[in-house]
Undergrad: 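Okay, here's the structure, questions in a sec.
The figures that follow rest on heavy atoms only: side chains count, while hydrogens, waters and symmetry mates do not. Positions are given from 1 along the sequence. As the structure lists them, so they are numbered: ligands from 1, and atoms in each ligand from 1.
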Amino acid sequence: MRIGIGYDIHRLVPNRRLVLGGVEIPSELGLLGHSDADALAHAIIDSLFGAAALGDIGRHFPDTDPRYKDADSMVLLKDACSLIKENGYKIINIDTNIIAQTPRLSPHIENIRASLASVMELDISCISVKARTNEGQDSVGEKQSIVAQAVCLLENI
Ligand code: MG
């Protein structure tokens, strides 16, 4: 068994889409980034690479590479899952946190789980997504950013 941890933060700005786990969420503010800025997908990818000691998302999908401009991060997540398999691992489960003061994410959690389960080819019971606010504290609480955290468990196959 191998455990991995991932973290990501993106700035919340006007005139950008808010995409988390491949699900577009209605919001006045969206996440700024080179790709679609899907912080949840990025945190999960980093947890997978971390568990397999394969480096990080920046090594595999550099944000200086024009190929990844406005990239769909779920395509990157699918590629990361393939790489994990090629390296002889099976994904057992993931657990994640999204920390956002706005918008309210609870109505979208089941859609996000289903989206991740589909792309990662896992049963939805193996995907946990939890959302919370930051109680008004720091940049997340002041609606300037959204943070995502992920842990995953891999098994040698
Ligand atoms: Mg990111």
Undergrad: Taking H34 for the side chain and D63 for the main chain, is one N or O donor matched with an acceptor at less than 3.5 Å?
TA: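 Such a contact is found between H34 side chain and D63 backbone.
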Undergrad: Tell me, with the steps shown, if E121 and K78 meet salt bridge (charged side-chain N to carboxylate O under 4.0 Å, His left out).
TA: CA-CA 9 Å; E121 297 178 16; K78 199 171 185 58; 3.3 Å; yes
Undergrad: Tell me which N, O or S atom of H10 sits nearest to the Mg ion (ligand 1).
TA: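 Result for H10 and the Mg ion (ligand 1): NE2.
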Undergrad: Please check if any side-chain donor atom of H42 sits under 3.5 Å from a side-chain acceptor atom of S73, or the reverse.
TA: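 Per modelled atom types, H42 and S73 side chains form a pair under 3.5 Å.
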Undergrad: Would you check if L31 and R16 make a side-chain contact, meaning some heavy-atom pair closer than 4.5 Å?
TA: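 Contact flag for L31/R16 side chains = no.
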Undergrad: With respect to the Mg ion (ligand 1), what is the nearest N, O or S atom of H42?
TA: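 Nearest N/O/S atom of H42: ND1.
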Undergrad: Indicate if the distance from the Mg ion (ligand 1) to the nearest N, O or S atom of D8 falls below 2.8 Å.
TA: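 Yes, since at least one N, O or S atom of D8 sits under 2.8 Å from the Mg ion (ligand 1).
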